[in-house]
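Please read all numbers here as calculations on a predicted model, not as lab measurements.
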Amino acid sequence: GGDFEVDVMAFRGIEQSLEAGSRAVLPPATDLKRWSLEVDEGRQVWRYMDEGEDPDSKQNPIPSTYFTGDVDEISKCLPDLPPPPTIRDSLRNGIQFFSKLQTTDGHWAGDYGGPMFLLPGYTIVMHITKVPIPESTRLEIIRYLSNMQTEEGGWGIHIESMPTVFGTALNYVVLRLLGVARDDPRIVKARAWLEPRGGCLGIPSWGKFWLALLGVFQWEGVHSLFPEMALLPRAFPLHTARMWSYCRTVYMPMSFIYGSRFTGPITPIVEELREELIFEPYKTVDWAAARSRVASEDLYTPHTLPLEISYSVFNAYERVAPTWIRNKALDWIYELIQKEDEFTNYIAIGPVNKMINMLCVWIREGPDSAAFRQHVARVPDYLWMGHDGLKMNGTNGSQLWDTSFMVQALVESGIKDEFAAVFRKSHDYVDVCQIRVDHPNHDKYYRDETKGGWPFSTRDIGWVVADCTGEGLKAALICRKHGYTATPLSERRLFDAVNILLLMQNDTGGHATCEKTRGWHFFEWFNASEVFGEIMIDYDYVECSSSALQALCLFRELFPGHRTAEVTSAIKRSTDFMMSIQLDDGSWEGMWGICFTYGTWFGVEGLIDAGFAPSHSRITRACQFLVAVQKDDGGWGETFMSCVERRYVQHPVSQVVNTAWAVLSLLKAQHPDQDVIRRGVLLLLKRQLANGDWAQESISGVFNKNAMISYSNFKNIFPLWAIGRYCETYPDDAEVALAAGVDKT
């Protein structure tokens, strides 16, 4: 029955997660000592140093060594520390370790990889546009994909998922374009996995798009992307301006490529890929039948009847589309692409539209154009060199997000005065990262106000996010309140941030991500991705709503006279919304982290900051939920299947990140059973490494239900925050000798 199938899916997800964590990492393909992480106002670029360059001249020598995983060098620059005699000493060790990873410009860099459908876009576009891929990059991408290949021979939608046709076919293409031979065992194994599944013909829609522009697929096998949608009146209920920003900015360049029917040159390697990925004669493929064909391993969001009807109409329209209307649509779409490029300094909102935008510019303006050269210069912003090879990050980083959280963790540590320099550098980054302007003619190009907001990563990306603005504002206010910066943000800039939070609040009282919600849930009837859930519009999220709520509460405390009525009203509407989305079991569902422990932490923090008493039923129900799912070893752990299935799925092994979120929630709520909390803290202490670090465990981030993403700094930030809050809540216990409570073996 259905329940059994769901349980089997959960089991396979857990099994794959454990397998991913236990894979042996292949030896480096390059000299790790030559990789240098270089930063500038948050921008992160990995440079492979010229032979003969002095490795000691690296701008960020310790982060460079740590992230590349050079074990011998790590032990030198991040040596083991004396065994901590108390809980507070464990906290001190952890902060000392993590502070050494702070970059010269004040942020914490990190691995934001995980999705396995990003490198294909990079590789295909670089191949078509003939932009050289450096040899060091090529070798380390091959190593990364070799490390990520599953036992079955394929690749999943993300690093912990079961193999999918989407991940396997596209990463097969990457390896072949990068020079891996057809008879290489990795290639043979991948093709053997694909063959019984019909090769690449069952790849989801995004995969069909990439293969069609490469020339492996035919455009007749891709459903119409109907570029003329962009010409409809703005008031039209399904206008593209109403889409979620991440969906809209991908759909626009995709529809430009589709409307242009662009296909790269049919080179010998493309002809070979046609033969290798399609297990029937190419000339006999029924491309029309392939349009809606999706492998069972891939399908997460099936087509609805309204979508199928729309496809029927749009596909028929393609046969008669007037050239002048098509060209007018493409011209307007290209103008939108240009503005996205300009507003984001050619970084783009994410790596998918970054690479497609870059190809659009190459097609329209040519390889020698200034715009194309600026695109090429920003490609390295997305590439991340890790211990497992070189990957593509899900954005150009999580710099502001991680740094703002660390400021809050540090201020609750009880030993914050020992780390004043860390505070100062962190504030410097928060300062430089705030977006100080509105984009010109932003409304014309479907954008909202941005002045005063904070992005997820860097100022250059030009997109504000509601929860990032909330966390950035909190970090700035904390540094100002405690005097940890000689250059606090001016009142005007703080007021600008509050203005953005007020502008971004929806009528529901909640907050979405980059913009107010513009569409309606019925947009999901037209979700054509097949692999993502709730992708069409920007929804209210517990994370965005809580971060905004917490920031407004702290701001009101420090500036009670500024727009008092509006701020108070916003807080009231936000708390009402937060209560409305609490689930019956007392939890909140996280939409950007895994999953219910994450969402519940945001829910509890927001309501308590808004004035809810710990005895309030909303708070006690949340605590009851967390206590009910605590594991026997005292920790908490969820797998990514919690996000996929939208129910709590226990991880076989407690996870330090989930444990930290649960401990933070229970401490904030003043849960009366100290033993429940202490057991969680002891698990965090037991997992702490001798140098103060924590090992990377299972993946902890998610987007659109079915795609997981890494937050490599979460394993440090949140355990430190939880231990620090525990020490401040129970100061006597913080000084008790650990020997009786923690067995580090």
Point to revise | Pairwise side-chain contact, Met385 with Leu383, heavy-atom cut-off 4.5 Å (strictly under) | key: no

Point to revise | Result of checking Ile356, Thr263, Leu330 against Ile257 for side chain to side chain contact (heavy atoms under 4.5 Å, CB included) | key: Ile356

Exercise for review: Check whether NZ of the Lys or CZ of the Arg Arg378 lies under 6.0 Å from the centre of the six-membered ring of Tyr346 and within 45 degrees of that ring's axis.
Suggested key: no

Exercise for review: Report the C-alpha separation of Glu275 and Arg182 in whole Å, then their side-chain angles, then the decisive distance to 0.1 Å, and conclude whether the salt bridge (charged side-chain N to carboxylate O under 4.0 Å, His left out) test is met.
Suggested key: CA-CA 11 Å; Glu275 179 186 345; Arg182 176 177 181 164; 3.2 Å; yes

Check your understanding: Distance only, no hydrogens: is a donor on one side chain within 3.5 Å (strictly under) of an acceptor on the other, for Tyr282 and Gln218?
Key -> yes

Check your understanding: Between Glu365 and Tyr334, is any side-chain donor less than 3.5 angstrom from a side-chain acceptor?
Key -> yes

Check your understanding: Under 3.5 Å, side chain of Arg291 to main-chain N/O of His223, donor-acceptor pair present?
Key -> no

Check your understanding: Would you call Asp388 and Arg143 a salt bridge, taking side-chain N to carboxylate O under 4.0 Å as the test?
Key -> no

Review point. Which heavy atom in Pro253 sits nearest to a heavy atom in Ile337, and how many Å separate them?
Key: CA-CD1, 3.7 Å

Review point. Any salt bridge between Lys715 and Asp693, counting N to O under 4.0 Å?
Key: yes

Review point. Is the gap between the ring centers of Phe532 and Trp206 under 6.0 Å?
Key: yes

**Study point:** Test ring-ring contact (aromatic ring centres under 6.0 Å, His included) applied to Phe217 and Trp287, step by step
**Key:** CA-CA 8 Å; Phe217 236 68; Trp287 293 108; 4.9 Å; yes

Practice item. Kindly determine whether Thr68 and Asp70 satisfy side-chain hydrogen bond (donor to acceptor under 3.5 Å, both in side chains), including the steps that lead there. Key: CA-CA 6 Å; Thr68 55; Asp70 189 334; 5.8 Å; no

Review point. With distance as the sole test, does Arg248 use its side chain to make a donor-acceptor pair with the main-chain N or O of Met243 at under 3.5 Å?
Key: yes

Practice item. Might you work through the side-chain hydrogen bond (donor to acceptor under 3.5 Å, both in side chains) test for Ser224 and Asn315, ending with a clear yes or no? Key: CA-CA 5 Å; Ser224 171; Asn315 291 334; 4.7 Å; no

Review point. Looking just at side-chain N and O atoms, do Asp402 and Ser398 make a donor-acceptor pair shorter than 3.5 Å?
Key: yes

Check your understanding: Quick one: are Ile187 and Leu175 in side-chain contact, heavy atoms under 4.5 Å?
Key -> yes

Practice item. For the pair Tyr251 (side chain) and Leu225 (backbone), establish whether a donor and an acceptor sit closer than 3.5 Å, ignoring hydrogens and angles. Key: yes

Point to revise | Centroid-centroid under 6.0 Å between Phe640 and His158 rings | key: yes

Check your understanding: Are Trp694 and Phe714 close enough that their ring centres sit under 6.0 Å apart?
Key -> no

Check your understanding: So, Arg459 and Glu41, do they make that salt bridge, N to O below 4.0 Å?
Key -> yes

Review point. Using a distance-only test with no angle check, is there a side-chain donor-acceptor pair under 3.5 angstrom linking Thr458 and Gln399?
Key: no

**Study point:** salt_bridge(Lys33, Glu53) N-O dist < 4.0 Å
**Key:** no

**Study point:** Main-chain N/O of Leu145 paired with Trp155 side-chain donor or acceptor, under 3.5 Å
**Key:** yes

Check your understanding: Side chains of Thr301 and Glu530: closer than 4.5 Å at any heavy-atom pair?
Key -> no

Exercise for review: Could you tell me which non-hydrogen atom of Tyr311 sits nearest to which non-hydrogen atom of Ala528, and how far apart they are?
Suggested key: OH-CB, 3.0 Å

Check your understanding: Going by atom types alone, do Asp460 and Thr344 pair a side-chain donor with an acceptor below 3.5 Å?
Key -> no

Exercise for review: Using modelled atom types only, decide if a donor and an acceptor are shared between the side chain of Tyr300 and the backbone of Val644 within a distance under 3.5 Å.
Suggested key: yes

Point to revise | Where Ile699 and Gly114 come nearest, the two heavy atoms and their spacing | key: CD1-CA, 4.3 Å

Exercise for review: Check whether any side-chain N or O of Asn396 sits under 3.5 Å from a backbone N or O of Arg43 as a donor-acceptor pair, and report yes or no.
Suggested key: no

Review point. What's the shortest heavy-atom distance between Cys200 and Val165, and which atoms?
Key: CA-CG1, 4.3 Å

Review point. Out of Tyr112, Trp384, Trp35, which residue meets the ring-ring contact (aromatic ring centres under 6.0 Å, His included) rule with Phe67?
Key: Trp384

Exercise for review: Please answer whether the main-chain N or O of Asp72 pairs with a side-chain N or O of Ser75 as donor and acceptor at a distance below 3.5 Å.
Suggested key: yes

Check your understanding: Taking atom types as modelled, is there a side-chain donor on Thr103 or Asp105 under 3.5 Å from an acceptor on the other?
Key -> yes

Point to revise | Phe456 and Tyr711 aromatic ring geometry - parallel, tilted or perpendicular at 30°/60° bounds | key: perpendicular

Review point. When the aromatic ring centroids of Phe703 and Trp592 are compared, is their separation below 6.0 Å?
Key: no

**Study point:** Within residues 193-204 or reaching into it, pairs that qualify as side chain to side chain donor-acceptor pair (under 3.5 Å) - sequence neighbours excluded
**Key:** Arg197-Glu297

Exercise for review: Could you list the residues that satisfy ring pair (Phe, Tyr, Trp, His ring centres under 6.0 Å) with Trp210, not counting sequence neighbours?
Suggested key: none

Exercise for review: Determine, for Arg326 against Asp331, whether the closest basic-nitrogen to carboxylate-oxygen distance falls under 4.0 angstrom.
Suggested key: no

Review point. Quick one: do Asp111 and Lys391 make a salt bridge, cutoff under 4.0 Å?
Key: yes

Practice item. Taking Asn353 for its side chain and Gly350 for its backbone only, find out whether a donor-acceptor pair lies under 3.5 Å. Key: yes

Review point. Between the side chain of Tyr172 and the main-chain N/O of Gly154, is any donor-acceptor distance below 3.5 Å?
Key: no

Check your understanding: Going by the salt bridge (Lys or Arg N to Asp or Glu O under 4.0 Å) test, which pairs reach into residues 256-273, not counting sequence neighbours?
Key -> Arg176-Glu272, Arg261-Glu318

Check your understanding: Are Tyr66 and His387 an aromatic pair by the rule of ring centers under 6.0 Å?
Key -> no

Exercise for review: Scan side-chain atoms only and decide if Gln44 and His107 contain a donor-acceptor pair under the 3.5 Å cut-off.
Suggested key: yes

Check your understanding: Considering only heavy atoms from C-beta outward, does the side chain of Lys354 approach that of Ile347 to under 4.5 Å?
Key -> no

Point to revise | Closest heavy-atom pair and its distance - Val173, Leu277 | key: CG2-CD1, 3.7 Å

Review point. Where do Phe166 and Pro204 come nearest, in terms of heavy atoms and distance?
Key: CB-CD, 3.7 Å

Review point. Can you tell me if His375 and Asp341 form a side-chain donor-acceptor pair at under 3.5 Å?
Key: yes

Revision key, fill the gap. For Phe98, the ring pair (Phe, Tyr, Trp, His ring centres under 6.0 Å) test, sequence neighbours excluded, returns Trp108

Check your understanding: Looking at side-chain heavy atoms only, is the closest gap between Gln655 and Ser698 below 4.5 Å?
Key -> yes

Review point. Can you tell if the side chain of Glu280 reaches within under 4.5 Å of the side chain of Val285, non-hydrogen atoms only?
Key: yes

Check your understanding: Can you check side-chain contact (heavy atoms from CB on, under 4.5 Å) on Thr150 and Met162, steps first, answer last?
Key -> CA-CA 8 Å; Thr150 69; Met162 296 177 285; over 6 Å; no

Practice item. Report yes or no: does Ser369 contribute a side-chain atom to a donor-acceptor pair with the main-chain N or O of Phe372 at less than 3.5 Å? Key: yes

Check your understanding: Taking only residues two or more places apart in sequence or in another chain, which ones pass ring pair (Phe, Tyr, Trp, His ring centres under 6.0 Å) with Trp463?
Key -> none

Check your understanding: Can you name the side-chain contact (heavy atoms from CB on, under 4.5 Å) partners of Pro380, sequence neighbours left out?
Key -> Val45

